[in-house]
Amino acid sequence: MWSFVSTWHFSAQATQAGMEILEKGGDAMDAAEAGIRLVESDPEVETVGKGGFLNAKGELELDAAVMDGNTLKTGAVCGVRGFEHPVTIARAVMERTRHNILIGTGAEEFAREMGIEECGMEALIAPNAVEVWKQNLGLGHDTIGAVVLDETGKMVAATSTSGASMKVPGRVGDSPIIGSGFYVESGVGGAVATGLGEDIMRTCCSFRTVDLMRAGLSPQAAVEQVVRTAHETIVKHGGKPDCIALVCMNAQGEWGAACNHQGFTYACANPDCPPKVVEVTPIIDKDA
Ligand code: GLY
């Protein structure tokens, strides 16, 4: 059975595109990349790709990653400028280098060598993002993350984001960091995160979710335990948790989702479930 789950309502278009590939017997990585590329191109999505929020200098720096659960190979890029599809560069890193992560100008040079289309940063900056930047609003850090299972049993995870708005130039969040923003192992499961990268990284949320599924927890029990533990651990050590949310899937294609704040949504589909968007009730509320 194939299955597709992804973060946020705006990923409904990704789920639809992924489903169209998977139901014809297509590859999980092709489905994840095709879905995420749509969101990267959508200027209405203010935290991913074109139209994404800007850093403190008014520049757009994009992070993305992919992971193949059959091979545990991963590819990620950080702080990429002037490319609409960082997820495609991340896939090329995984498939065409010996490395896991390329950053900044190195990633951009590699993308050019791979023939990946470059449009220049200005073409990706939306008027609303400039307005947010002018008003110095620290508004968003939402990632599209997808976990995908195809008919062969292959699982993949993929992410893409413009990162935290008003970030210090060069800042990297959780989304391109293996184990934090994403993790997947075919036969076990996968997880992707969205929220404030600093909090998600310091609590290694995605790897821990997959490890709990490996230990026998259902996707929902695993993801709830990770969000609760991450939140409580930050509090215990004197911090104030920001947004932490994850979706995950096991090797049977069953999914789970949890968050510590209001308003988190995800999109999902499998052969028994037409594409839908679900609002998640927080298991713990950071603002309470
Ligand atoms: N979760 C996205 C970021 O913090 O960069």
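Being a predicted model, the structure only gives us computed values, none of them experimental. Remember, it's 1-based here, ligands and their atoms both numbered in the order they're listed.
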What do you reckon, does [X] have a nitrogen or oxygen under 3.5 Å from a nitrogen or oxygen of ligand 1?
X    : answer
G197 : yes
D174 : yes
G163 : no
T194 : no

Take a 6.0 Å sphere around CD of Q135 and say whether it holds more than 12 heavy atoms from other residues, nucleotides or ligands. yes
For atom CD1 of I103, is the number of surrounding heavy atoms from other residues, nucleotides or ligands below 6.0 Å larger than 12? no
[X] neighbourhood, listing ligand 1 atoms whose heavy-atom distance to it stays under 4.0 Å:
X    : result
G173 : 5 (O)
S175 : 1 (N), 2 (C)
T143 : 1 (N), 2 (C)
G195 : 1 (N), 2 (C), 3 (C), 4 (O)

Check the orientation of F264 and Y266. Use parallel for under 30°, tilted for 30 to 60°, and perpendicular for over 60°.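 Ring orientation, 0 to 90° scale: tilted.
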Ligand 1 contact by R171, heavy-atom criterion under 4.0 angstrom: yes
Considering all heavy atoms of both residues, which atom of A129 and which atom of G52 are nearest to each other, and what is their separation?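 Scanning both residues completely, I find the closest heavy atoms to be CB-O, 3.5 Å.
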Please give me the minimum heavy-atom distance between C205 and A230, naming the atom from each residue.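 It is SG-CB, 3.9 Å.
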May I ask you to test the T7-V192 pair for a side-chain heavy-atom distance under 4.5 Å?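 A side-chain contact under 4.5 Å exists here.
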Tell me whether D174 contacts the main-chain N or O of S180 through its side chain, where contact means a donor paired with an acceptor under 3.5 Å. no
